[in-house]
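Note: hydrogens, waters and symmetry copies are ignored here, and every other heavy atom, side chains too, is used. Whatever order the structure lists ligands and atoms in, that order sets their numbers, starting from 1.
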Amino acid sequence: MLSSLLRTPFATMHKRLVDLLPETRDRLAKIRRGHGNKVLGPITVEQIIGGMRGIKGLLTQTSRLDAFKGIKFRGLSLPECQIRLPSVRREPIPEAMFYLLITGEVPSNDEAEDLKKDIAERAQTFPNYVEKIVNSLSKDLHPMSQLSIGVLALQNESEFAQAIRRGEKRGNLWQSALEDSLNLISRIPKLAAMIYVNKYRDGKLGEIRENADLSENFCRMMGYHDEKFWELMRLYLTIHCDHEGGNVSAHTTHLVGSALSDPYLSYSAGLNGLAGPLHGLANQECLRFILGMKEAIGESPSEIDIEKYLKDTLAKGFVIPGYGHAVLRVTDPRFVCQMEFAQRYMPNDVLCKLVASLYKVAPRVLKDLGKVSNPYPNVDAHSGALLTHFGMTEYDFYTVLFGVSRAIGVCASFVWSRALALPIIRPASVTMENLEEFVRKT
Ligand code: HAX
């Protein structure tokens, strides 16, 4: 198996992972052996009823979310990633981000380049039968459903599933998990681009280049040739990739993977969670919201007009998409990065200006409701306006872009979960009667 892992000329990331494994396993074993029965935090009745907010119950190596500082990928904030990771123009290449998430180390330019070549090479090998399946899907089917179906069709290629079938030792499963992950990350852009050109264009895919990064190739396949759009996609693919372990898409992928389902089955399940409006689908809802607001109150509304529009929306029982978060208690740094991108490249864009105007008013309106834990914008509040600027106006495709990015984070975590031989996830649940009995006794 290792020989197939090392089939690329350099494969430095694989070698680095092999070096890191014993030490990391040892660290975990020491914690478990010496401190396994220590209590990390209480669990309240409210947490059981309220979606397990704040309960620390998952081990995730790749990233950590701080409510006030935002996401850190292996200890690096977004601005630090932008400065330190190998990039094209200003934004890190997605391959460098995957290297960081897998190894915990910033790759050198050569290391990132090796991985880039490996991924571009794997992208060339897309199974014909999957192409046929995807091409046969109804254009009316939501792009996220198409993506999930396409990933399930790719599952036929899973080396992890074969390893399970031939009884591979648990401790070795990370190898086929990594192989599947690299194939998945390489092929997902083509799958997504097929869905895009089938649904919105003439069905013809653009060509990919061997020396281009994943972002450029993804954009080329969808028919976008503007370097600034490739740069936006680089930003997009890196900031959406991971958000620690508890969000619905990462958690679902991890949960399904804990049953030793392969990376395709697990990630496809995660995608189905991402497709929910309270999670990844919020990015399409945000653009719909901004366009609706523009239609209703014009291109440069006053703060009073915006406030009234927001209050009317809330009164009708809708949420303000792109605002609020289950963990964050400040403006999402991923929103800030996108706002900076807009200011740098498109300061006069009408939709981006509307996003900025909304940001001045919405937190106040949401705070006034008195129940919203976080009245500030999240990652989804800006992306649609930026994509629209470059002509990608088909907002029901936006969550697919999120899905392409999320593959990078959930696959890195999948590899580590198998490398650390984490067990099947099986928390306990209580009934209402259990809770009532508990309440009576306390
Ligand atoms: N607009 C209106 N009401 C909101 C709100 C918003 N943006 N955010 C929260 N609330 C409401 C909740 O609906 C809830 O109301 P009820 O008690 O009447 O049910 C109340 O405020 C308390 O909720 P919360 O504690 O602030 O938020 P949760 O942790 O329960 O939920 C959500 C977090 C992100 C789901 C929520 O803020 C929301 O629905 N936001 C809008 C949708 C959105 O932007 N989702 C994307 C989130 C980021 C992400 O995952 N991207 O993929």
Side-chain angles (χ1 to χ4, degrees), residues 44 46-55 63 65-68 70-71 78 144 147 236-253 267 270-290 292-293 306-307 309-338 355 358-359 361-385 387 395-410:
T44 63
E46 174 54 33
Q47 285 174 311
I48 293 172
I49 300 167
M52 300 197 282
R53 294 289 181 285
I55 296 179
S63 65
L65 180 60
D66 181 281
F68 297 96
I71 192 66
L78 287 174
M144 280 302 280
L147 186 66
Y236 194 99
L237 294 177
T238 49
I239 65 176
H240 287 81
C241 69
D242 209 30
H243 220 222
E244 74 166 32
N247 66 77
V248 171
S249 50
H251 186 185
T252 307
T253 308
Y267 164 66
L271 284 175
N272 298 339
L274 192 69
L278 297 187
H279 191 16
L281 203 79
N283 62 6
Q284 79 165 46
E285 296 307 300
C286 279
L287 190 72
R288 248 162 40 89
F289 183 81
I290 295 284
M293 188 169 97
I306 296 177
E307 183 168 337
Y309 187 77
L310 291 175
K311 284 184 174 162
D312 288 349
T313 304
L314 291 167
K316 285 181 205 147
F318 292 109
V319 295
I320 308 301
Y323 279 76
H325 201 271
V327 180
L328 282 168
R329 295 296 174 257
V330 288
T331 296
D332 192 334
R334 300 174 298 176
F335 173 85
V336 176
C337 281
Q338 295 179 76
V355 169
L358 187 60
Y359 181 34
V361 182
R364 174 164 32 96
V365 172
L366 287 172
K367 259 186 220 163
D368 286 349
L369 287 181
K371 62 173 183 177
V372 180
S373 313
N374 177 45
Y376 303 108
N378 60 55
V379 66
D380 297 317
H382 213 313
S383 49
L387 295 164
Y395 51 71
D396 54 357
F397 186 72
Y398 291 171
T399 313
V400 170
L401 301 177
F402 198 152
V404 171
S405 169
R406 194 41 61 104
I408 294 170
V410 299

Step-by-step side chain to side chain contact (heavy atoms under 4.5 Å, CB included) determination, I290 to Y395: CA-CA 11 Å; I290 295 284; Y395 51 71; over 6 Å; no
Hey, mind stepping through L237 and V404 against side chain to side chain contact (heavy atoms under 4.5 Å, CB included) and telling me if it holds? CA-CA 7 Å; L237 294 177; V404 171; 3.9 Å; yes
The test is side chain to side chain contact (heavy atoms under 4.5 Å, CB included); show your working for L310 and I320 and say whether it passes. CA-CA 7 Å; L310 291 175; I320 308 301; 3.6 Å; yes
Go through the steps to decide whether N247 and R406 satisfy the test side chain to side chain contact (heavy atoms under 4.5 Å, CB included), and finish with yes or no. CA-CA 11 Å; N247 66 77; R406 194 41 61 104; 2.8 Å; yes
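Looking only at heavy atoms of the protein, atom 25 (O) of ligand 1 is closest to S373 OG, 2.6 Å. Shortest contact from atom 43 (C) of ligand 1 to any protein heavy atom: A282 CB, 3.6 Å. When only non-hydrogen protein atoms are considered, atom 9 (C) of ligand 1 lies nearest to V372 CG1, 3.8 Å. Atom 42 (C) of ligand 1 has its closest protein heavy atom at P277 O, 4.1 Å. In terms of protein heavy atoms, atom 51 (N) of ligand 1 is closest to D380 OD2, 2.8 Å. Scanning all protein heavy atoms for the shortest distance to atom 44 (O) of ligand 1 gives G322 N, 2.8 Å. Atom 38 (C) of ligand 1 has as its closest protein heavy atom Y323 O, 4.0 Å. The protein atom (non-hydrogen) at minimum distance from atom 6 (C) of ligand 1 is I320 N, 3.7 Å.
In this structure, atom 12 (C) of ligand 1 has no protein heavy-atom contact shorter than 4.0 Å. Using a 4.0 Å threshold on non-hydrogen atoms, atom 19 (O) of ligand 1 does not count as touching the protein. For atom 40 (N) of ligand 1, the nearest protein heavy atom lies under 4.0 Å away. Note that atom 2 (C) of ligand 1 has protein non-hydrogen atoms nearby, at separations under 4.0 angstrom.
The aromatic ring centroids of F335 and Y323 lie 6.0 Å or more from each other. The aromatic ring centroids of H243 and H325 lie less than 6.0 Å from each other.
Using a 4.0 Å cutoff on heavy atoms, R53 counts as a contact of ligand 1. Proximity of N378 to ligand 1 is established by a heavy-atom distance of less than 4.0 Å.
The residue among K371, H279, R406 with a heavy atom at the shortest distance from atom 23 (O) of ligand 1 is K371.
Considering backbone and side-chain atoms alike, L278 places an N or O below 3.5 Å from some N or O of ligand 1. An N or O contact shorter than 3.5 Å is missing between L274 and ligand 1 by distance. The N/O atoms of V319, backbone and side chain alike, include none that comes under 3.5 Å of an N/O atom in ligand 1.
Remark: side-chain polar atoms of T252 are not paired, donor with acceptor, to backbone N or O of G270 under 3.5 angstrom. A donor-acceptor pair under 3.5 Å is formed between the side chain of Q338 and the backbone N or O of V379.
Proximity of T313 to F289: side-chain heavy atoms (C-beta onward) are separated by under 4.5 Å at one or more points.
Of the inter-residue distances, the one linking R364 atom CZ with I306 atom CD1 reads 9.5 Å to the nearest 0.5 angstrom.
Across every non-hydrogen atom of G292 and Y309, the tightest pair is C-OH, 3.4 Å. Taking both residues in full, the closest heavy atoms of R334 and I239 are given as CD-O, 3.3 Å, listed atom of the first, atom of the second, then distance.
With a heavy-atom cut-off of 4.0 Å, L314 touches ligand 1 through its side chain alone.
With ligand atoms numbered from 1 in the order given, ligand 1 contributes 52 (O) to contacts under 4.0 Å with heavy atoms of G280.
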